[in-house]
Amino acid sequence: MAADPIVQVRDLSKLYRQGDIDVTALNHVSVDIQPAEFVVLMGPSGSGKSTLLHIIAGIDRPTSGDVLVQGINVGNLSESDLATWRNQYVGFVFQSFNLIPVLTAAENVELPLLLTRLDRKSRKEQVQAALELVGLGDRLHHRPDQLSGGQQQRVAIARALVTDPVLIVADEPTGNLDAKSASDVLDILRSLSSRSGKTVIMVTHDPKAAGYGTRSLHLEKGEIVA
Amino acid sequence: MTVFGFILKNALRNTRRALLTISSVAVSSALLVSLMTLERELTVPPEAEGASLRIIARNKVSLMQPLPAKQLSAIQRIPGIVTVTPFTYFGGLYENEEFTSFAQFAVDPVPFQSIIVDGPVIDGSYEAWVKNRTGCLVGADTMKRYNLKVGDQMRFRGTFYPCDLDLKIEAVYQGTVDDRNIFFHHKLLDELTGDPGTVGTWYLRAESVEVADRVIQQVNDTFANTSAEVRAESERAFQMGFVSMWGNVSNLIRGVNLVVVFTLVLVAVSTMSMAVRERFRELAVLKALGFQRRDLFGFILAEGFGLSVIGGAVGIGGAWAFWTFSDIQQMTNGFLIVFEVTPRIVGMAAAVASVLGVVSSIGPAISVGRMSVVEGLKTLD
Ligand SMILES: Nc1ncnc2c1ncn2[C@@H]1O[C@H](COP(=O)(O)OP(=O)(O)OP(=O)(O)O)[C@@H](O)[C@H]1O
Ligand SMILES: [Mg+2]
């Protein structure tokens, strides 16, 4: 494995206070993830998988502990710097696709590029390339409601990779898909790590999906058990 | 795609709601403009150059009490007066009308000519009217409204005078603040009423604005402690006296305006919060993709502001066009004359629409700013 881990999770804890009781979502979690790994997070419902993913991706903050991505301590960034960091470093794929319904596939993919300095022409080229990579080069001008679930999720993957981030996080990306669409999506995620060298972290309940990863982490009650 | 295109697509995603919002803002703005114009019409009397030169002297007790005709020579002796004429309101009903919206005044045509200088004769001849004891001088608006021409007869039924009038149109004037009234010989009225030796009011013209106040004072003084004390005031002050009657109406209109604005704010606020609430999840996704709090703030503000301003433009423009190009005198039976939608009114209504756009978006924008990505992602579609 490469010398420097791309993601370093150090003694991470997350507590939720509900009334008088504290709920421990993450309990002193530490883990290193190497570049181009395809890490699968598994575990029972409520074990803290999503919480860990959110904190690594910079959309949630830990109660204590640190997350370093390429040496940057994500928890120390201001709200505004964190947003910019997410735009450059992280691509998101969600269980329910989360595309903007009034925008076409190409426009959805272009969204994160509106925050970059790219001009219109280079944006268009990158969008085209990203959609071709997920096999939707011919569906640029379809709106989400004109696409199947599997196609929508592939548009979402194109949106996640169009900014060329180092990290792609996916929370149950196949949870809403049939077997065929699911394996298409998993193939793409796998090739992103094996061919494009992206680090992919995916949460799933499906043991078959877990087989696509290069490493599995099992969470239970907020702790990594395997 | 540009950021602007993105905002536009968002604003128009629910076309029906966008149209309903625009229409409700448009209708309310039009209502606002109309009410403000009405208020102005009722409280700001029409003004003409001569209005501060012309003086009306009426019975101090009330406008309804007549004055003795023999006061004339005493008034004529007051220095600084160019001319004086009796000026008596007849209050008749035209032909078969139940309500007549223009007034008929009995005057002495010769001195009256230098009082009505604002409105030159445009048809017929003033001299012909002076010569014809049963002739009349008619305003151009009334001519047009009843499709009359010089030489026609006009008949009026007396209401508080026990006599009728049958007058021949000898001349037409145009260019005064109110081109509806008609004038006829006071001598005719005297004759028909058995020469009671009274007039309604005196209408006089001062030499200059400088002497007008002194003339007013002197007229009042001349008849102090007589059986018919007089109250003289400039035509402008006289009009303002009428206007004060409208004071309460004016407050009422302002109250209605407030209600209109308040309702409008409620509509706009609820529309924008609905529009944003159903998009909470999408906005959370945008945040995850790297959009800043201020970007989302801007998207929402631009959308709310855009809808309000378009609605305002439609409503204000529509109201302006409607009141400018329609015949308000005709529509209101002459109750309203000018009904001018002034730039000030347009500006105020536009300001209301703009502020509305900001006010309606600020709440939703703040709640989106506060929302964490994780929270937002959990909301259901
Ligand atoms: N906003 C919150 N307030 C209180 N408790 C929370 C909150 N979010 C998560 N939790 C709790 O934190 C724990 C971990 O939640 P998390 O969503 O990470 O679980 P998960 O492993 O992703 O579960 P699932 O497989 O059902 O998605 C759970 O016990 C959950 O109830
Ligand atoms: Mg989860």
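The figures here come from the full heavy-atom set of this structure, side chains too, leaving out hydrogens, waters and symmetry mates.
- Side chain to side chain, A/T84 and B/Q292 meet the donor-acceptor criterion of an N or O pair below 3.5 Å.
- Of all heavy-atom pairs between A/F38 and A/L186, the closest is CE1-O, 4.4 Å.
- Using a 3.5 Å distance cut-off with no hydrogens or angles, the side chains of A/S122 and A/D119 do pair a donor with an acceptor.
- In this structure, B/G304 and B/S361 approach most closely via the heavy-atom pair CA-OG, 3.6 Å.
- Among B/K287, B/E282, B/R279, B/R293, the residue making the largest number of heavy-atom pairs under 4.5 Å with chain A is B/E282.
- Atom CG of B/L356 and atom CG of B/L264 lie 4.5 Å apart (nearest 0.5 Å).
- Within residues 6-37 of chain B, the residues approaching chain A closer than 4.5 Å by heavy atoms are, in numerical order, B/F6, B/K9, B/N10, B/R13.
- To the nearest 0.5 angstrom, A/Q128 atom CD is 12.0 Å from A/E110 atom CD.
- In this view, B/A284 and B/M371, B/L377 satisfy the side-chain contact (heavy atoms from CB on, under 4.5 Å) rule, not counting sequence neighbours.
- Among all heavy-atom pairs drawn from B/I345 and B/V341, the shortest one is CG2-CG1, 4.4 Å.
- Heavy-atom pairs under 4.5 Å with chain B were tallied for A/Q88, A/R159, A/K124; the largest tally goes to A/R159.
- In this structure A/R154 satisfies the salt bridge (Lys or Arg N to Asp or Glu O under 4.0 Å) test with no other residue, sequence neighbours excluded.
- The backbone N or O of A/P144 lies less than 3.5 Å from a partner atom in the side chain of A/Q152, making a donor-acceptor pair.
- Only the side chain of A/L114 has a heavy atom closer than 4.5 Å to any heavy atom of chain B.
- Contact residues of residues 41-72 of chain A toward chain B are A/H54, A/I59, A/D60 (heavy-atom distance under 4.5 Å).
- Within the model, atoms CD1 of A/I21 and CD of A/Q18 stand 6.5 Å from one another, a figure rounded to the nearest 0.5 Å.
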